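Here is the structure we will look at, set down as structure tokens.
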Amino acid sequence: MSYSVDAERLLRQFLEFVRIDSPSFEEAKFEEVLTRELAALGLFAKNDATGREGAGNLMATLPGTDPTLPPILFATHVDTVEPGRGIKPRVEDGIVYTDGSTVLGADNKAAVAATLEAIRYLQAAKPRHGDVEFLYTWGEEQGLLGSAALDPAALRSRIGFVVDNHDMSKVVTQAPSQTTLVATYTGKAAHAGSEPEKGISAIVAAAKAIAQMPLGRVDFETTANVGKINGGSARNAIPERVVLEGEARSLDAQKLERQVATMTAALQAGGDAVGARVEIKWQPQYHGYHLADDSLPVRIALAALATLGIDAHTGSMGGGTDGNHLVAKGVPCAVVGVGYAEIHSTRENIPVENLRRTAELIVAVAEETAKQAG
Ligand SMILES: [Zn+2]
């Protein structure tokens, strides 16, 4: 199969997109541009306005050439991480980098630009395909906020593809559940030199608790971390208050429950050991999922990648994507790769070649859906 995606036009649009700042919670300006670009292609982008200052999830539909085929969804996100302002992309030896002072924002604007090029291709070549829904979420980098806020009634598709991973030869079928922790110890302040016996150290309580927690890679599918600790007031004061923040993730919901119980018991024991009070708050962030290798979105993604000459495999991911919320909202989603590298760092980059392949992948998925679901 041969596609004639216009790689130069795609690169131009990608470079233009990353120059428009869109850090999380400040997506509105970029969304205006994206809305205009979609309108130029005849697509109306609906904004659910669940974000801040006019930002929201954008949804647009490319009508199918065969209305009997099932609609499919492509999800990408429009927000980028910091440092992500004033991005100056440069192309060197076929790879797009920044000047080293910001991220590039190929996560996820490479995929956003690729959707537009795929729409142009599908409109020009008119292969057999059903309706294609495009979802552009806000706040993904801040904990999948846009997809969490999304009204599932806004989507018609029951097959989806989240275009947001580094590895193009992998179709992600499994992602963890994650829950976050805030624990606050309250001890008793006292002068550390003159009357230490009157104090209760919140820092000692936290230290005892952390020391008995299984952290890091707890098992092959479970991880846990205490990532932040804040407390104390002065060198010579017994610390009255400590706040620690952490998280736990697992591909297995029961293991996650067990890990949370173990960490909770450790937190309690740390407080009991010195007589400090502890307030423990766990907040589930998203639910994990596992799509079967023979489920429709996975089969379609693998077949589409094969048409691009990519021999892909299925696997899991250590973090959540918008797919976690979309699956929970009734749209089973396979996560496919964009081919970016070193995301969330100032070394972030993407080969121009992978931009083109991402657009081709979107086209191929639409065409494969016609073959497999038609
Ligand atoms: Zn991303």
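Order of listing sets the numbers, starting from 1, for every ligand and every atom in it. For the single chain, residues carry numbers from 1 onward in sequence order. For clarity, every value in this text was computed on a predicted model and none was experimentally measured.
Pairs engaging residues 42-87 under the ring-ring contact (aromatic ring centres under 6.0 Å, His included) rule: Phe74-Phe134, Phe74-Phe161 [sequence neighbours left out]. Counting only residues at least two apart or in different chains, ring-ring contact (aromatic ring centres under 6.0 Å, His included) contacts with residues 173-203 are absent.
For Glu240 against Ala189, the heavy-atom pair with the smallest separation is OE1-N, 3.0 Å.
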Can you give each donor-acceptor pair under 3.5 Å made by side-chain atoms of residues 264-274, sequence neighbours left out, with the distance rounded to 0.1 Å?
| unit_1 | atom_1 | unit_2 | atom_2 | d |
| --- | --- | --- | --- | --- |
| Thr264 | OG1 | Val260 | O | 2.7 |
| Thr264 | OG1 | Trp282 | NE1 | 2.9 |

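In the model, Ser24 has no side-chain atom that pairs as donor or acceptor with a side-chain atom of Glu141 under 3.5 Å.
Protein N/O/S atoms closer to the Zn ion (ligand 1) than 2.8 Å number 4 in this structure.
Salt bridge status for Arg156 with Asp131: present, with a side-chain N to carboxylate O gap under 4.0 Å.
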